[in-house]
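Here is the structure we will look at.
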Amino acid sequence: MAKKVKIIVNEAGHPVEKEIEVQDDVNLAWGSPKDLKYLGHRITRIDGPEKVTGRARYTYDINLPGLLYGRILRSPHAHARIRGIDTSPASALPGVKAVLVLNDRTVRYAGDEIAAVAAISPETAEDAIRLIKVDYEVMPHVVEEAAAMQPDAPKVHGERPNVNPGNPEAQGDIEAAFQEADGVVEGTYYVPVRAHSCLESHGAVARWDDDQHLTVWCSTQGIFSVHEELYRYFNLPAGNVRVICHHMGGGFGSKFGAGVEGVACARLAREAKAPVKLMLTREEEQLSAGNAPSAMAKIRAAAKKDGTMVAFDLEGSGTGGLGGAGVPMPYIYQPQTFRVRQSDVYINASEARAFRAPGHPQASAIMEQLMDDLAEKIGIDPMEFRKKNDPNPVRQKEYDLGAERIGWSRRSPTPGAGSGPVKRGMGLGSSTWGGGGGPGTKATLKISRDGSIEISTGSQDLGTGTRTFMAAIVADEFGLPIGAVTALLGDTKYGYSGGSGGSTTAASVSPAIKTAASDARARFLAIVASAMKVKPESLELTGGKVVLKSNPAKSLSWKEACARLGMDGITANGEWVESLQGSGVAGCQFAEVEVDTRTGRVNVLRLVAVHDCGYILNRTGVESQINGGVIMGIGIALTEERIMDNQTGRQVNPNLEEYKLPGPKEIPAIEVILLDNPTGKVSGIAESPIIPTAGAIANAVYNAIGVRVRELPITPRKVLDALAKKGGSA
Amino acid sequence: MKHFEMARPTDLKEASSLLGKDLGEARLLAGGMDLLGELKDHIIEPNRLVNLKSVRNLDYIDPKGGNLRLGALVTLTEIAGHADIRKRYTALAEAAEVVGSPQIRNIGTLGGNLCQRPRCWYYRDEHVHCLKKGGNHCFAVNGQNQYHAILGGGPCFIVHPSDLAPALIALDAQVKIVSAAGSRDVPLEKFFILPAEDPHRENILQPGEIVSEVSVPEPEAGVKSAYLKQREKESFDWSLSACAAALEMDGRACRNARLVLGGVAPAPWRAAEAEKALQGKTIDEAAALQAAEAAVRDATSLEHNGYKVPLTKAVVQMAILKAAGA
C-alpha cells in the first residue's frame, strides 16, 4: 500500500508539480534498533543542559514587564457558610490592582478558595488577602473517614450522605468456595491519602494582549485542556487564546486544567489590565492541589493447597475528600469467585485528583500483601502462588527474571527468621497498565533551505523526555545527529495533542512524529533526487549526508542537499496512527529490605524493577521513568501520608517538612530490567513502575520481621507498635 | 509576613537595648533558619528584627586554653567540620552534622539551634491558638501526637528540636547570656525550662537577653562521647528520639556517665537514673540495656506516641555502646 502526495520540483529552472508515492502510514514500522542510532538506545536528554544550568524557563520563571502577583485567600475553617465578604480593605491597600471574590457561599474544607488579589509584589498580595474580612458561620466538620461514616456525623455535602455505596461486583458462589478452601485469611489493609506534592506548584502567568486575546503560561499536563477551559470561560474564539508550557515541574495527574488558580489568574489580569503571575505556595499546593484517595479494604480470601485462589471477599471504603474514591479489585488476579463492595466516604478535605496510575498503587499494595498472607496460609512460595493466579504471560516471564536478579532463592520462607535485631526480608509486587495512546495528535516537520529541521506538536514535556524522543525519531529518519533537530512543543500554536496523563504521551505523540518524518523524508528524497538527476531509491540518508549509493563521491552534505529545496522548503504533517503503538503493559518488582526491630526503621537495600513497555524509544528515558516511579512507590510504602486533625478540621502537615517525601538516603540501588520488544509497538511506561513498589516493600518487611503492618506507610511507629502488640521486642 | 524594621547593632549591649523588653516587639535574627519560618507563617509578628550578624567577632571557635569556646554565630557546618571538636567533643560534631540539610547547616548558627522554637504542628499553624501561643489548651493531648513528648510533658507536649543541646549538656557546657545590664554564665542544662514552669517559652532568656557564647570544659581523661538520632527519614528530618552520651571510661568500665535525650521531652532531658545505672559498670549490651530501661522508666505516652518509649530505649542503648566504642 502506498499513498500519493504532490511535491514541487525544479525542472530546467521552472517549478513543476509532481506526484510521488510515499509509504502508507499503516505500513510504517519503528525499525530495529540495530539499524538505528538513537531509537532503542540510551539517549541523553536534549533539554538536560538547559535544566541543569537554570536556563529552562518554567512557568514560575516567566517575568513580563509590569507583572503583577496574584494570591488566593483560603478558608481557615473546614466547613462554614459565608455570611459576607468585605474586600474593600484589600482594594484600598496601595499596590493592589485587582480583587476578586471566588466563592461567597459555603466552604467545605480548610483551604477552600474564597477570594483572590493581584498586586505589585508577592508581599503586597499576601498583605492584601489578609485584609479581606470574611464573616463565617462555622459549621461542624468531619475530616476522618471513620468518623464521617458514623450516622450522626456532620454532613459534608449538604443533605447528601457521607457514604456513597458503589455498585457491588460479584462472581460465582463465594460461600461455597470458602467451604471448600484449604486456607482462609482475613485482614484489614489501609493505604492513606497522599498528596501529589509537585515540586513546581500549580499556577499560571496570564497576559491579555488586548481585550480579546489572552496568552497564558501554565504549569500543566494539558495545554489544550487549559486552552479550552479558558476560551470557554471568557467566551472567546478558540484562536484568541494561546497556552504555553515549555517546561514543567511535575503534575502526576493533578495538572490537567487551568484550575481555580489559573482562571483566577486570567481574571485578575483582565481586571488589572496587566499581566499576572499566580503560583500556589507550598502550603496551598499540599492542601488544595491534588491528592490520591485512601483505600481501606477488609478482606477475607481463600485458596486451595494447590495454589488456586478460590474466593475473594472485600468490603472497602476510601475517601477522596469532597470527591470519590475506589480502587480496581481484585486487581490483576483472578480468583474463582469474588465479591467486591466499595464505598466513597466524603470528608471535609480537598477533592482527590488523578494521581499516577489512579487507584492502582493502592490496589496493588493491598492485593500483594493479601497474596503473601494467603500463600503463607497454604504453605506455598508467594511467587509460585502468584504464577498460579496471574493469567498474564508477560508477567510470568518477568517473575522469573526478577527472582533471578534479586536472588529469590536466598529468601527465607519463614517470616522473621533472621537472628539479631536487624533482620532482612524479600518481597514482590506486580502492576498492570494500559499505556496506549489516543487519536488526534498532529505533528509538523519543517525542513528549510539552510538545513534547519524542526519538528513540532502541541504536546507538553512533563520532564518525561517527550522532546528528546521527538528529536530522536526525526534524527534517525534522516540519518542526522540529534542535535541537528529542533523539537518544539508546549504551545497551542502547534498542532493539537492531548493531555499528558495515564502514560499516554509517548504512544500518542510518537506515531504522529513518525508519520510526519516518513512523509517528509519521501518528499525530501524526491526533490533532492530530481535536482541530482537520480532516482530517489538510489539515495540514502546516513551520517548527516545524502549518499548516492552507486557513487558515494557524488554525495551531498545535509546542508548542500537542503540548498536544493525550493524556497518553501519542506513541510510535512503527521497524524497519530494506531499501528505504531499498543497498549497493555505489565511489571513486577522485588524488594530486599533491612528492618531494625529496635528502632522500627525500614531500610530498602535493593529494588529490582522488571517492566515492559513495548518498543523502547529511549532506554535512558524509560529507566529514568522507572526510577521515578519506584521512588514515589517508596514514599507510599514508608513515608507519605496526609494527616488530618479532627479537632481543628485542618491538615497538620501541609508542607514538605512533615509530609515526608523520600530523600536521597531512602532510595536504594534500583535495578531496572526491561523486557525488550524491538519489534513491538510503543507504549507508555510512566504509571506502571509506581504501582508494585509498596506491596513489594510491605511484603519484604513482613518477611523480615514476621509481623504484618497492614497500614501504610510503614513508619518506625507502625513497626514498633506491631512488634509490641506481638509481644516481640518491646 | 508583617513588615518590620531591621536593626543592625554593632555590639551586644546595643543589640540588647534594641531588643527591648517586649518579645512581641522585637526578635533576634542570627541565621534566620527558624525565625524566617515563624515570620512567614505568621506565628510571630515582631515590629523589629535585631540582626546579630552585624555584631563582629561572634563566630569564633576557640579550642585553646582548656575550655572550648564557641561564639553564638558559629555555623553548624563549622562545628561539624572542626577536627578538634570531632576528636575531643565527638558528640557535638555528630549532633551538628545531622541537623536539617546541608543548606540549613551552612546558615544555621549555634545560638539559633539552642534557641529555636518547637516544630509542633499545632504551634506552627497560624490558625490554631494553642496553649504555647497563649490559648487555653494543648491540641496534641487529644490530637495527632505521634511526634510529641513522652517525658516532661504537660500541660504542653512539644518536644525540644535542638540536636546540639543534648550533646552540649552531655559535655557539661555553659552558656553566656548577655544583656544591656551585664552578663551571666549558666549551665546549659539550667537554660531550658519545662512547660509546667512556663508553656510559652522553652528557656530562661528574659526579653533583651542574648546567648553570646557556649563554652565546654576540657573533657576529663577517658571521656568518650557520641550522638545518635533516629528519624523517619535519614536526611532532612527531625528526631523521633535522640541521645547524647558522654562516658568517662576507665578501660571498659564507666566511671561516670552523662546521658541527655532529645526529641522526647519539651526540653533536652537528662536521664539521671540511666546515668546512675552505668556508674562503675563495664559497658556491654546488658549494661547499656539496663541503663536504657532506666531512661524510659518514667515515660508516659499519649494516644499515638507510645512507640517512642521502646524507640528511646533502643536509642539510649545504642548511643551508650557507640560512645564506648563497644
Side-chain angles (χ1 to χ4, degrees), chain A residues 74-78 110 123-124 126-127 130 144 281-283 421 596-603 635 638-641 643-667 713-725 728-730, chain B residues 1-3 37 40-42 45 98 100-102 104 119-130 137-147 161 228-238 240-241 285 289 292 296 301 304-318:
Chain A
R74 294 172 185 276
S75 168
H77 303 292
E123 294 78 13
T124 309
E126 199 213 334
D127 288 347
R130 297 176 70 84
E144 287 173 355
T281 62
R282 174 53 53 195
E283 183 181 356
D596 190 325
T597 54
R598 300 164 299 183
T599 62
R601 200 180 141 73
V602 176
N603 184 20
L638 301 180
T639 60
E640 291 183 48
E641 177 176 17
I643 306 172
M644 303 296 294
D645 174 62
N646 217 27
Q647 304 166 97
T648 58
R650 296 172 59 77
Q651 182 182 349
V652 293
N653 62 345
N655 49 53
L656 295 184
E657 173 187 337
E658 302 291 3
Y659 184 90
K660 299 187 181 183
L661 298 175
K665 291 183 177 173
E666 278 62 60
I667 301 169
I714 306 174
T715 56
R717 167 163 72 107
K718 309 255 184 64
V719 172
L720 291 172
D721 283 350
L723 286 168
K725 211 167 161 188
S729 85
Chain B
M1 65 181 82
K2 191 177 153 192
H3 296 212
K40 287 183 172 179
D41 292 342
H42 300 273
E45 299 195 311
V98 292
S101 65
I104 287 172
R119 305 308 306 179
C120 171
W121 42 35
Y122 296 105
Y123 170 70
R124 294 276 164 175
D125 184 340
E126 178 196 356
H127 297 285
V128 175
H129 192 52
C130 75
H137 84 283
C138 171
F139 285 77
V141 173
N142 294 312
Q144 297 289 359
N145 49 36
Q146 46 269 50
Y147 300 132
L228 206 119
K229 176 180 183 179
Q230 279 295 322
R231 37 193 170 171
E232 288 180 347
K233 279 167 60 180
E234 272 304 300
S235 46
F236 207 172
D237 201 0
W238 303 97
L240 296 173
S241 181
E285 294 242 353
L289 181 63
V296 295
S301 49
H304 304 296
N305 67 357
Y307 72 101
K308 286 179 100 170
V309 178
L311 175 61
T312 301
K313 198 173 83 182
V315 167
V316 172
Q317 186 193 16
M318 290 192 286

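Because the structure is predicted, anything quoted here is derived from the model rather than measured. The sequence lines fix the lettering, A, B, ..., with proteins before strands; numbering per chain opens at 1.
Judged by distance alone, with hydrogens and angles left aside, the side-chain atoms of B:Q144 form a donor-acceptor pair with the main-chain N or O of A:M644 at under 3.5 Å. Judged purely by atom type and a 3.5 angstrom limit, A:K665 has no side-chain atom pairing as donor or acceptor with the backbone of B:K233. A donor-acceptor pair under 3.5 Å links the side-chain atoms of A:E126 to the main chain of B:M1, judged by distance alone.
B:Q146 CD to A:D721 CG: the interatomic distance, rounded to the nearest 0.5 Å, is 10.5 Å. Taking CZ of A:R598 as the reference point, atom CD of B:Q317 lies at 7.0 Å (rounded to 0.5 Å). The line from CZ of B:F236 to CG of A:L656 is 9.0 Å long, rounded to the nearest 0.5 Å. Atom-to-atom distance recorded for B:E126:CD and A:R650:CZ is 8.0 Å, nearest 0.5 angstrom.
Using a 4.0 Å cut-off between charged side-chain N and carboxylate O, A:R601 and B:E234 make a salt bridge.
Looking at B:L311, the atoms closer than 4.5 Å to chain A (heavy atoms on both sides) sit in the backbone and in the side chain alike. Of the atoms belonging to B:H304, heavy atoms from both backbone and side chain fall under 4.5 Å from chain A. With a 4.5 angstrom heavy-atom cutoff, B:H129 does not touch chain A via any of its atoms. Residue A:E123: no heavy atom, backbone or side chain, is found under 4.5 Å from chain B. For B:R124, no part lies under 4.5 angstrom from a heavy atom of chain A. When heavy atoms are compared at a cutoff of 4.5 Å, A:T599 approaches chain B by way of both its backbone and its side chain. Proximity to chain A (any heavy atom under 4.5 Å) is shown, for B:E232, by both the backbone and the side chain.
The most heavy-atom pairs under 4.5 Å with chain B, out of A:E283, A:E666, A:K718, come from A:E666. Comparing A:V602, A:T639, A:D127, A:N603 by heavy-atom pairs within less than 4.5 Å of chain B, the highest count is held by A:D127. The candidate with the highest count of non-hydrogen atom pairs below 4.5 Å against chain A, out of B:N305, B:V315, B:D237, is B:D237.
Other residues, nucleotides and ligands contribute at most 12 non-hydrogen atoms within 6.0 Å of the NZ atom of B:K40. Enclosure of atom CD in B:E45 by more than 12 non-hydrogen atoms of other residues, nucleotides or ligands within 6.0 angstrom is indicated.
Closest approach of A:G663 to B:S235, counting heavy atoms only: CA-OG, 3.8 Å. B:G143 and A:D645 make their closest contact through CA-OD1, 3.9 Å (heavy atoms, listed as atom of the first residue, atom of the second, distance).
Contact of the A:Q647 side chain with the B:N142 side chain is registered, since non-hydrogen atoms from C-beta on lie closer than 4.5 Å. Looking only at side-chain heavy atoms (C-beta outward), A:I643 and B:W121 come within less than 4.5 Å of each other. Contact annotation: the side chain of B:W238 approaches that of A:E657 to within less than 4.5 Å [non-hydrogen atoms, C-beta and beyond].
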